[in-house]
Amino acid sequence: MEAEQQQKVVAALEKGAVSCGWNFSGQRLAVGSVGGAVSVYDSHDSSSPSHKWQAHESSISNIVWLPPESGDAIACVCMDGSLSIWEEIREENQIVTWKRCLLLESANCYVLDVKFGVFSSSLKMIIAYSDGHVKIFELLDPLDLEKWQLQSEFENTVDSISRFGNLICVSASIACKPKQAQIGRTKPSFILGFNSDSAQLNSPKIWEFEEAHQRWLPVAELALPEEKGDSVNAVAWAPNIGRPYEIIAVTTCKGIAIWHVGLNPGSNGKLSTKKVALLSGHDGEVWQLDWDMSGMTLASTGGDGMVRLWQCNLNGVWHEQAALDCGTVQN
């Protein structure tokens with residue numbers, strides 16, 4: 001069933017917008033431009049941005065809101081490989097401003113993706129780099145977004161002694177285990193996949209923090225043996241409101257794979273995995289994935305300009321529930 005009767009424009013973005021991200025309540029939208037400017041739209045008046053400032057000199061490829069526990073703050077990933085964090089400052093009798101709290105730059109590698117998660121009562125920042133490494137930073141003071149400390153760094157490989165030559169990593173995708181999914185097992189977890197020329201890096205892996213030895217371990221790999229070389233465009237971890245397993249979506253050139261992942265590790269320390277569906281319908285590659293709050297509906301978008309919604313019926317069969325042509329939406 002098409003969703004044409006439910007189409008509605010919620011914000012009219014300015015020319016040059018190349019990335020955007022909703023905050024956790026869905027009430028604010030941050031937009032990055034090709035010229036490096038950031039605009040913030042509020043739901044009560046989305047006709048024009050409530051705030052706009054020049055954040056970078058280069059194009060902003062991704063914008064991510066920090067968890068609400070950190071106030072109103074965003075992270076910007078730029079095409080020049082840098083990453084910045086901006087916090088909204090509200091003081092009595094003062095004009096609301098956005099302050100830069102952090103700027104990460106490197107001459108050797110680029111930031112490809114960033115995600116945030118509240119693990120063990122502390123905020124963690126997970127960054128994927130163009131050299132195949134992931135760095136995890138911990139916020140030392142919950143009231144000060146300027147104070148971050150590097151907690152861990154490793155490659156996205158099962159073999160910890162792997163060494164690569166000159167890698168070409170085009171993109172990476174990170175998804176943290178949602179809060180709702182941490183009721184049964186409280187260990188911090190995230191999944192990471194790369195779009196690179198290395199099969200070892202590409203396959204999406206679930207990483208879990210081991211408190212006893214203070215290290216991150218790979219506990220699952222979401223790729224069949226013949227698929228481990230496929231480049232990963234996006235990953236998305238569904239919220240869990242009572243299922244006896246986790247659901248994770250992974251998109252490659254072959255389509256959108258739906259995986260079931262066990263809640264508890266086996267004797268070998270690994271989580272059980274099962275690929276239950278491969279969704280197709282987009283004309284071209286899928287770029288982004290996102291779940292609704294219930295973890296029952298998956299949204300996907302790609303190069304064909306379509307947004308497609310996917311659901312699983314009572315028989316366990318995944319199907320396309322609705323499709324939205326973004327090029328024909330009317331006010």
Considering all heavy atoms, the nearest Y110-M79 contact
CE2-O, 3.7 Å
Donor-acceptor under 3.5 Å (D131 side chain, H133 main chain):
yes
According to salt bridge (Lys or Arg N to Asp or Glu O under 4.0 Å), does anything in residues 15-31 pair up with another residue at least two apart or in another chain? List the pairs.
R28-D42, R28-D72, R28-E88
Separation between CD1 of I89 and CD1 of I95, rounded to the nearest 0.5 Å:
14.0 Å
Which atoms form the tightest heavy-atom contact between A17 and V31, and what is the distance?
CB-CG1, 3.5 Å
Any side-chain heavy-atom pair from V118 and E69 closer than 4.5 angstrom?
yes
Spacing of CZ belonging to F194 relative to CG belonging to N202, to within rounding of 0.5 Å:
9.0 Å
Does any non-hydrogen side-chain atom of P239 lie less than 4.5 Å from one of M296?
no
S300 and T251: CA distance, side-chain angles, deciding distance, side chain to side chain contact (heavy atoms under 4.5 Å, CB included) verdict:
CA-CA 9 Å; S300 63; T251 177; over 6 Å; no
Of all heavy-atom pairs linking K135 and L150, the shortest is CB-CD1, 3.9 Å
Search all heavy atoms of V18 against all heavy atoms of S33 and return the closest pair with its distance.
CG2-C, 3.7 Å
Output yes when a side-chain donor or acceptor of H319 lies under 3.5 Å from a complementary backbone atom of Q311, and no otherwise.
yes
Mind checking whether I248 and W291 sit in one hydrophobic cluster, side chains of I, L, V, M, F, W, Y counted as touching below 4.5 Å?
no
Sequence neighbours excluded, the answer for side-chain hydrogen bond (donor to acceptor under 3.5 Å, both in side chains) partners of K147 is none
If you round to the nearest 0.5 Å, how far is CZ of F116 from CZ of F190?
13.5 Å
Of all heavy-atom pairs between G255 and L278, which one has the smallest distance, and what is that distance?
C-CD1, 3.9 Å
Pairwise distance CD(E227) to NZ(K254) - rounded to 0.5 angstrom:
5.0 Å
Would you mind writing out the side-chain donor-acceptor pairs for residues 283-290 within the sub-3.5 Å range, not counting sequence neighbours?
residue	atom	partner	partner atom	Å
E285	OE1	N233	ND2	3.1

With rounding to the nearest 0.5 angstrom, report the CG to NE2 distance, L222 to H260.
11.5 Å
Verdict with reasoning, S203 to K205, per side chain to side chain donor-acceptor pair (under 3.5 Å)
CA-CA 6 Å; S203 62; K205 302 167 189 70; 2.8 Å; yes
Close side-chain approach of V219 and P265, heavy atoms under 4.5 Å:
no
Would you mind reporting whether I174 and V235 have side-chain heavy atoms less than 4.5 Å apart?
no
Mind checking whether V134 and W216 sit in one hydrophobic cluster, side chains of I, L, V, M, F, W, Y counted as touching below 4.5 Å?
yes
Do any side-chain atoms of residues 51-60 form donor-acceptor pairs under 3.5 angstrom with protein atoms, and if so which ones, sequence neighbours left out?
residue	atom	partner	partner atom	Å
K52	NZ	E14	OE1	2.7
Q54	NE2	G35	O	2.7
Q54	NE2	H56	O	2.6
H56	NE2	S84	OG	2.6
S58	OG	D80	OD2	3.2

I'd like to check E246 versus L271 (side-chain heavy atoms, cut-off strictly below 4.5 Å). Are they in contact?
no
V38, L66: one ILVMFWY side-chain cluster at the under-4.5 Å cut-off?
no
Does W237 share a hydrophobic cluster with L279, counting links as ILVMFWY side-chain heavy atoms below 4.5 Å and allowing steps through other members?
no
Least distance between heavy atoms, E87 atom then S70 atom:
OE2-O, 4.5 Å
Flag the pair V40 / P49 as yes when at least one side-chain heavy-atom distance between them is below 4.5 Å, and no otherwise.
no
Quick one: side-chain hydrogen bond (donor to acceptor under 3.5 Å, both in side chains) partners of S61, sequence neighbours excluded?
none
So if you build clusters from Ile, Leu, Val, Met, Phe, Trp, Tyr with side-chain heavy-atom gaps below 4.5 Å, do W86 and L145 land together?
no
Contacts under 3.5 angstrom, residues 98-105 side chains, donor-acceptor by atom type, not counting sequence neighbours:
residue	atom	partner	partner atom	Å
K99	NZ	E146	OE2	3.0

In terms of side-chain heavy atoms, does T273 have a donor or acceptor partner in K275 at a distance below 3.5 Å?
no
Verify, without hydrogens or angle tests, whether D113 (side chain) and A128 (backbone) share a donor-acceptor contact under 3.5 angstrom.
no
Rounding to 0.5 Å, atoms CG (L224) and CH2 (W259) come to a distance of 4.5 Å
Under 3.5 Å side-chain donor-acceptor pair for N108 and S106:
no
Step by step, work out the side chain to side chain contact (heavy atoms under 4.5 Å, CB included) result for L13 and L29.
CA-CA 10 Å; L13 306 185; L29 177 68; 4.0 Å; yes
